[in-house]
Amino acid sequence: MANSNKSVRIHLAILAGVWLAMTLVQIIGVPLLPEDIVYFRAWEYVVATDRPFKPMAVWQGQAVGDLANMTGLPQMRDSHPQTFTVDEYGFRNPPGQYARNPQVVLVGDSFAAGSQVSDEQTLTVLIERELGLTAYNEATLLLGNFACDKRFIDKPPLVVIAYYVERDLSSKLFAVDPNAKPFTIDSYPSLADYSQAKETGLRQRWREMNKNIVSRSPFIVFGEGLLKGTLWKLGLYALPDKIYSIDPQTGFILYRDGVTLHQHPEAKLAELPSIRQTLVEADEYFRRRGIKLIVIVAPDKETVYHRMIPEIRDRNVYEILDRFTAELDAAGIANVKVHRVFADALQSNPQEPIYWPGDTHLTAYGTRLLFDALQSQLLDAVQPNK
Amino acid sequence: MLFPSHEFLFYFLPLLLAVYYPLPDRHRRTLLTAASYFFYGWWNPKYIALLMLSTVIDYACGGLIHRTEDPRRRKLILSISMISNLGLLAFFKYFMFANRSLAELFSLAGAHYPDSLLRVEVLLPIGISFFTFQSMSYTIDIYRRRVTPAANIVDFACFIALFPQLVAGPIVRYSSIAQQLARPKISLSRLYLGLQFFIIGLAKKVIIADSIAPLVETFFDAGDPSVYSSTDVAVAAVAYAIQLYFDFSGYSDMAVGLGYFLGYEFPQNFNSPYKSVGIGDFWRRWHMTLSYWLRDYLYIPLGGSHKGKWKTYRNLALTMWLGGLWHGANWTFVIWGAWHALWLLIEHAAGKKWPLLKTPRAIQILWTQIILCLGWITFRAPDFGAAIGNYRRLFSFNFYGGQLLTAQYRLPLLTMAIGAVIVFVFRNSWEISEGATWKKTIGLATLFLLSLLLLFGSVGHPFLYFQF
């Protein structure tokens, strides 16, 4: 190399310095960043290893839609305030809720957990506040797991609502095994903060529950938006596989799985009789335990907003849920035809979004519509002589 | 552990270098061996035992060959080394392929193939094709009296497991590294050179290869292939050619750079292969350490070109066919090897009468590219049926309705074009390695930051050559 040693030293120092600086950003940066910065909603922040959420967590912040996050585009982040409270068992309830002997238990997926709405807008809170019933949110959980939860074997509720989303509709959501071994979900009332956890000898448990906080890099926090935002501006942005489309004006994002479902509905339609049979068996099982079952399947965002999707805009996208609810009616299983409620609401009030533009889940308005459709059946179900 | 990962860039490498530099040479080798085992075990710690087994056998065989004068005994010990290495390779790399092929053969013959055999799953240990070849060259070179055995097992283990080149080459020979193992050369200019190679390699992989990956993956791995036109097949073949070059040569550059960090000089593995003017020329420029390995340890022992015309053809064909099979346990690789063998034989048979030699250099390069891209279609296909489907689509000459020439693939297409310009116009990383200038340093720093941004701001793609 022709350069003098001094010159090489300077050039080497620059390159090694850049590398070292980036290493320091990674090593020192993560603990210094606020915990919330690496998450885009409570769903990611309070996730736990052995239960849906870490016990005694409270998340208050600006939530960003799951679809908006998938795009990596900062301008699509339609953030909105959210409070997400978790009880001592790791479910989305205020602490002590289970001790109030719930009359209604809600099991299901992220829709049931109320992903993207604040505590006071969730279905269980609406049931409590407006119908005066005690309600417990046990999402996310399969119906079969609820059946084995020792807490509700000892103190059965009057009603269990099984609430899932259309694209996941399958027998496994509702399968109940009467011979399955009951399990206990441990309670951790002292995990609210580190000092309490330490005092009660749960230091290790607290660490386990919080280890995800430092699992991501600051590069992804700052880099992804910068990178993808620049590609968007240059017209070089490519949609991720999971995203069907983005409307740059309204920020309305659609999920590919919800579109694919209606492009190829045959498999789902063929599965409906076996799902019905599974639900018949589950319904009989719960009746024997004195629990009434109500089934809700929320339509996908893409089903409700199918007019925006050329491939399925002229299809009968409600066929799956129409046939499913008809099967349930024929079998005498209580259900809510929420897809029809949403279709009517969209027609009468098209300006009010039922789903968040940047998310797959319901807005407070959408949840309210669901509650309105559910309440009469729920009140009927809690009557002891019905 | 991948080179372009948090663990490697920000933890493993800085920590290793911080401990490595202050140590005396002897302890450096021990540390490097331990670090290399750790690096290898990151994927699956169980396979460290395999690496150790191969190391112990070949170290023992090398020592025994060296100490024995009896030719028959020397040959016997060499055979033990060859059988153990090829046995490991055959079992871990080719068992599943042979099993599947036999089952298909039984089924064609209407015979029953044992279900118990069909259920056997053998996972391919990363880098086995590379470290077994390195290990074999050691015992063969001792047998040929070209090198003396390693002074101790740690030195030999260090040579076999040296992490920069352990999993995807370049294939290093003991003869070229024995002196360096004893006294690694670390200097400021070599460190700068190392950074230069590493950053260029990282940028090749992350900025070019990974940006093209979505287009290639969509075409070859997903969706309904019948929707594609001839244009799509041609675009995908060229895209894969560029992706593979930047991916693999990027890895090799990073390995060379890491070698310089640690005081070692690894051989060049790529020399602008897409500027080749024929398939023979291509194999002198592409994956050079494998080409030379096959030449020295397979082609020449078979007789090379000194035993008549037909035997030369046989040796060439066999070498290329086995070279193809080395890349993977699938018929696609066998056929790809045969395709290259065919063109090598044609070039060899035609000699100076080969009509292409009379055309301008640009035509020779273009012709070579066509042969190569036709070969890459088979090389990348999941199975031979899929490759045939792509050839049919390509030669249907339906140039309308290109699915890959849409806005969705604007970035991969643009990157492909940039990659093509770099490949055909620019000098390669070895040709620009001399000197430290401000322009170069600022360019490298920018490439490094951009690579990190792309790397950690998106989903990564594993190196393509790991599967081989």
Side-chain angles (χ1 to χ4, degrees), chain A residues 1-30 70-74 214-232 234-246 256 260 264, chain B residues 5-7 9-15 17-18 187-196 198-199 202 211 214-215 217-218 222-223 261 406-415 433-459:
Chain A
M1 200 174 279
N3 304 61
S4 69
N5 231 11
K6 189 182 169 191
S7 161
V8 172
R9 193 176 293 152
I10 293 167
H11 290 284
L12 181 64
I14 291 169
L15 289 183
V18 171
W19 194 319
L20 188 66
M22 293 301 108
T23 305
L24 291 177
V25 165
Q26 169 69 21
I27 296 172
I28 301 169
V30 174
M70 278 183 213
T71 69
L73 294 167
V214 289
S215 68
R216 289 177 75 184
S217 158
F219 288 101
I220 206 157
V221 179
F222 302 112
E224 189 182 33
L226 176 64
L227 172 72
K228 297 203 170 152
T230 309
L231 290 176
W232 176 270
L234 293 172
L236 295 171
Y237 178 82
L239 289 175
D241 291 343
K242 287 279 184 189
I243 302 293
Y244 169 79
S245 67
I246 301 172
R256 183 163 297 281
T260 311
H264 307 285
Chain B
S5 65
H6 288 121
E7 303 86 39
L9 290 172
F10 301 135
Y11 300 95
F12 178 83
L13 188 62
L15 197 66
L17 295 181
S187 67
L188 291 179
S189 55
R190 280 179 153 239
L191 285 179
Y192 183 81
L193 203 54
L195 272 168
Q196 182 180 319
F198 189 87
I199 292 171
L202 184 70
S211 298
L215 185 148
E217 284 165 10
T218 304
F261 290 173
T406 57
Q408 172 75 4
Y409 299 108
R410 233 178 254 163
L411 182 63
L413 291 168
L414 179 70
T415 316
S433 60
E434 281 298 301
T437 61
W438 281 108
K439 206 166 118 184
K440 191 189 268 185
T441 302
I442 291 166
L444 288 171
T446 311
L447 277 182
F448 184 63
L449 290 173
L450 187 60
S451 300
L452 290 187
L453 189 63
L454 280 162
L455 186 61
F456 302 128
S458 59
V459 180

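Please read these numbers as outputs of a predicted model, since none were measured by experiment. Lettering of chains follows the sequences in order, A, B, ..., and the numbering in each one begins at 1.
Under the 4.5 Å side-chain criterion, counting only non-hydrogen atoms from C-beta, A:Val25 is not in contact with B:Phe10.
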**Request:** Report the C-alpha distance between A:Leu15 and B:Tyr192 in whole Å, list the side-chain angles of each, state the deciding distance to 0.1 Å, and finish with yes or no for side-chain contact (heavy atoms from CB on, under 4.5 Å).
**Result:** CA-CA 8 Å; A:Leu15 289 183; B:Tyr192 183 81; 3.8 Å; yes

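Inspection of non-hydrogen atoms places A:Ala238, A:Leu239 of residues 237-246 of chain A under 4.5 Å from chain B.
In this view, B:Ser5 and B:Glu7 satisfy the side-chain hydrogen bond (donor to acceptor under 3.5 Å, both in side chains) rule, not counting sequence neighbours.
A distance of 11.5 Å separates CG of B:Leu195 from CD1 of A:Ile14, quoted to the nearest 0.5 Å.
With a 4.5 angstrom heavy-atom cutoff, B:Leu447 does not touch chain A via any of its atoms. Using a 4.5 Å cut-off between heavy atoms, B:Leu414 touches chain A through its side chain atoms alone. No part of B:Leu450 comes within reach of chain A, as not one of its non-hydrogen atoms sits under 4.5 angstrom from that chain. Looking at B:Ile442, there are no atoms closer than 4.5 Å to chain A (heavy atoms on both sides), in backbone or side chain. For A:Leu20, no part sits under 4.5 Å from any heavy atom of chain B, backbone or side chain. For A:Leu234, no part lies under 4.5 angstrom from a heavy atom of chain B. For B:Tyr11, the part lying near chain A is the side chain, with the backbone staying farther off; criterion is any non-hydrogen pair under 4.5 Å.
A:His11 approaches B:Trp438 most closely through the heavy-atom pair CE1-N, 3.3 Å.
Under a 3.5 Å cut-off, the side chain of A:Arg9 and the backbone N or O of B:Leu188 do not form any donor-acceptor pair.
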